[in-house]
Amino acid sequence: MLVADLHIHSRYSRATARDMGPEALWRHAQLKGVDLLGTGDFTHPAWWAELAEKLVETGDGAYQLRPDLAAALGESLPPSCRRPPRFLPSAEISSIYKRHGQTRKVHSLILMPTLQDAARLNQRLDKLGNIKSDGRPILGLDARDLLELCLEVCPEVIFIPAHIWTPWFSVFGSKSGFDALEEAFDDLTCHIKALETGLSSDPPMNWRLSALDGYTLVSNSDAHSPAKLAREANLLDCPATFHDLARALSLGAAGGFLGTIEFFPDEGKYHLDGHRKCGLCLGPDETRAYGGRCPVCGGPITVGVLSRVAELADRPEGYRPPAAAHFESLAPLDEVVAEVLGQGPATKAVGAAVDGLRRRLGPELTILRQTPLEELARAGGPVLAEAIDRLRAGKVVLQGGFDGQFGVVRLFSPAERQRLAGQKALLDLAPVTGRGRGRKAAARPVDSRQPAAPAAAPTAVDQGLDEFQRRAMDYDGGHLIVRAGPGAGKTRLLTARAARLVAGGGDASRLLLVTFTRKAAEELGQRLATLGLEAARTHTFHGLGLEILTDHLGRRPAIVADQRREEILSQAAKAVDLPPGQVDWAISRLKQRLDQRPEPTLAPAWLAYEQALAAEGLLDLDDLPRQAALALAQDGALAGRWSGKFDHILVDEYQDANPVQVALLRRLAAGGALVAAIGDPDQAIYGFRGAERALFADFGRDFAGARSFDLRRNYRSSGRIVAAATALMAAEAGREAYAPQAVNPAGPLVECFEAADPQAEAIWLAQRVVELLGGLDSRQVEAGAGARSQGFSAGDIAVLYRLHAQAEPIAQALARVGAPTQVAATAHLAELDPLDLRAQRVKLLSMHAAKGLEFPVVFVVGLEEGLLPYQPPGKDAADPDEERRLLYVAMTRARQRLFLSRCCWRMLFGESRRPGRSPFWADLPGELLVAHKSKARRRARQLVLF
DNA sequence: GCGGAGTAGCTTTTT
DNA sequence: GCTACTCCGC
């Protein structure tokens, strides 16, 4: 018979013993009596490398410690315990994600046949999240998607939902789990053969759910230190190989799965209900009587495993399915000896006694399970024999664990213990009460869920546009321009107008929608396709230019490659003795206009650049719309073909237009097409690349007879966020009043923090993220983050900054707390794994990149002098009005929660600065803000959470 | 043609 | 403070 412990952690996981290395595992497995051991943590690159170095294949589908290492260590083992264990690559992954509108936190145990298979999984996981900073990585990946990925990498994978009943991190957990396996794993549920019951539940509890009948119930230690190995384990009657294990888990008894060694579930940290902070421990009935609220403080009671099992059970207590496997409830030998000696389990005396017992009797599990009582008495005295006899018979006194506090197993009554302390002789033992289980289970579910995130904004759904949107949608009297503030339903209006035009008899193929980015064009195209408008033309300005030029030239123009362009630029720059970057910028700016002649200082470079391109028959990207507009002006036949091509032209983000683009639109509309432009001059943030915000106001001049519409309703953000953003814009000197109206309720205040330095800002931010997510690991949960959970997922959160240089410390702090994070600038969408797009992560991106996006929670960091408005060293300051609009864009990305922060000290460009607050800070009304304080008290808690 | 020293310049971004 | 580039010497 084999003893198998498949779920452990290495020293690369949080809060684990430093000696959790292959050698210590090898040694302690033998001291405990484990034959087959999961390596744990194979996802961690350093641990994987160590395993690859120190383990060797046995040849029949398992691993063993390298013989030379084993030989060197063998001496340190008592001969009675020498039975070298085998290893199988294992790991645990924490999936934290939102599913069906709720935050889910599910841990999964994964076993792979070989380290090479593990490496291939690691390769895939590495793209999806951070597997380098924690042996038990946290991914924003749906548990089902994780299973899919594992199966893709290795169809033989053993995938086991871990400690399925723990409240915070398991598939059935009361706080963030599911009610059924199928809810979590959908179509892939059939690939799950085994479930890990965890310390706080034992087989009889699980037998109460008929839904679990087909699964092999396994038990493992989840050990964080060598001493905890095999505190729970599996008993197998099969060879110690991966495939035999897989077969045993799949077939149960028929495959050689004999049963499990268990903790008394009462001893688990989450067996009963309760509230640790208030010292309150409750049974299911009591929790129900209190309505799930702590009677001391009113906070939510942490519903334990016993209650949760009762909630989902469909069978009475005590039911035993016919196919149920054997199990044995034990307590660790050091705890037994500790009680016999009347000392703590970690004391020297207990250690020495356990050591002596192992020497004489063999591994701890053998002592606990098999050694005859007479032998125990001879080796350890009659009291020890009596203790173990009681343990084997289940005659123990239990005090249940709750809300993160371990329970206690006692083998002797208080009176007995007192007498034990005084004498060494055999005791006159009074009968002890039976096992402390059998509490009445709660008959009705206790609703312990977090309050749902505030209801989604009442967007203008159904066909239902509001009256203002509808007027703009329906207008047929000529050109029109729509000023649409943040969250006003801009895209909705665009697509609705397109649909209306076609529904009214228009020809979809004579409809043109123009955007600035390919991403926007693709998204718009997709939305139109869902409305049955595939025939409508969706283009970027550049794509449109390319098509017109192709028509004009009779061939597709060649576009200069980046590298060649740089060469040409640096050549051209030599003609004027300017840095190439500056020449690049100046030429590009010139090409945003049709009429501009280069200044004399630039002229030679401009000439050289244009001649070089012309000589090779190349165009640059700026040429596409520009040359197209010029060609339409010069080539009458071309103009004839294109000016009559469309009946309607819809343009998004018009505030970002430049004169070339407007000229192009005018030529396309010359045949009578109606132009509908939509945008928001308050969100014009691309002046630096040639956009001219004034063109928005000049629309009526460029497109005669145009009518203006105004969409002021904000369907996105809470009232206070809208009010703060509006106040920011209202403070701009010489500005006309323009007040968007929030449709949503006021919501919480805008939360502000002034940090000593970027590190402190990042730590504060990471701390808030932990709270928003309700804790990412058990330490954070137990430090209180669970109770403050806000029901957000990592994908709901964005961090916005002025300079990418600000991202680094924040990404690091988020990695330290284990939050799945994605720094937007580093990822090219096209190269991503399809699963990558599904991974839910905190997004770090520039304020510019955030335009057009929205997030339930937004952090805007670095609201400092010098950063906002940006003051580049040794250069002209950025346009303060545009920088104000940039902050406006950033703030208005937030739906529910907005956090603003700044640093009092910062190192930027090698220069130590003590910046004051951004001048924009003062424009935010104090009554909308609440300051977060940085206090020593808070620091103490941070230490716990980090 | 290479390497070492010295120094300038550092955003935001799309096609 | 970092790097990427130029310039100069061999």
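Below, chain A is the first sequence line, B the second, and so on; all start at residue 1. When reading the values below, keep in mind they use all heavy atoms of this one structure, side chains included, and skip hydrogens, waters and symmetry mates.
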Please state how far atom [atom1] in [X] lies from atom [atom2] in [N], giving the value in whole angstrom units.
| X | N | atom1 | atom2 | value |
| --- | --- | --- | --- | --- |
| A/I559 | B/dT14 | CD1 | C1' | 13 Å |
| A/W585 | B/dT11 | CH2 | P | 15 Å |
| A/F909 | B/dC10 | CZ | P | 8 Å |
| A/D656 | B/dT15 | CG | P | 12 Å |
| A/L800 | B/dT11 | CG | P | 19 Å |
| A/E911 | C/dC2 | CD | P | 15 Å |
| A/D584 | B/dT13 | CG | P | 16 Å |
| A/L569 | C/dC5 | CG | C1' | 16 Å |

Would you please indicate yes or no on a ring centroid separation below 6.0 angstrom for A/H542 and A/F516?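 No - the distance between ring centres of A/F516 and A/H542 does not fall below the 6.0 Å cut-off.
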Is the distance between the ring centroids of A/F688 and A/H848 less than 6.0 Å?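 Ring centroids of A/F688 and A/H848 are less than 6.0 Å from each other.
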Cation-pi between A/R693 and A/F696: NZ/CZ under 6.0 Å from ring centre and within 45° of the ring axis? no
Has A/R716 got its NZ or CZ under 6.0 Å from the middle of the six-membered ring of A/F855, at an angle within 45 degrees of the ring axis?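 Output no; distance or angle outside limits.
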Side chain of [X] only, please: which of [options] is the nearest?
| X | options | result |
| --- | --- | --- |
| A/A849 | B/dT11, B/dT13, B/dT15 | B/dT13 |
| A/R689 | B/dT11, B/dT13, B/dT15 | B/dT13 |
| A/P873 | B/dT13, B/dC10, B/dT15 | B/dC10 |
| A/S846 | B/dT14, B/dT13, B/dC10 | B/dT13 |

If you look at every strand shown and take non-hydrogen atoms under 4.0 Å, does [X] touch a base, only sugar-phosphate, or nothing?
| X | answer |
| --- | --- |
| A/F541 | nothing |
| A/L803 | sugar-phosphate |
| A/R802 | base |

Does the side chain of [X] get closer than 4.0 angstrom to OP1 or OP2 of [N] through an N or O atom?
| X | N | result |
| --- | --- | --- |
| A/T540 | B/dT14 | no |
| A/K875 | B/dG9 | no |
| A/H848 | B/dT14 | no |

May I ask whether A/Y870 stacks on the base of B/dT11, given the cut-offs of 5.5 Å between ring centres and 30° between planes?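 Whether judged by distance or by angle, A/Y870 falls short somewhere, so it does not stack on the base of B/dT11.
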For the backbone of A/S901 and the side chain of A/E754, can you confirm whether one donor and one acceptor N or O come within less than 3.5 Å of each other? no
Between A/F688 and A/L621, just flag the one whose closest nucleotide in DNA chain B comes earlier from the 5' side. A/F688
Whichever of A/G543 and A/A805 has the more 5' nearest nucleotide on DNA chain B, that residue is A/A805
Can you tell which of A/R917, A/R902, A/R906, A/R913 makes a salt bridge (Lys or Arg N to Asp or Glu O under 4.0 Å) with A/E864? A/R906
Which whole number of Å gives the distance between the C1' atom of C/dC2 and that of B/dT13?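 To the nearest whole Å, 23 Å.
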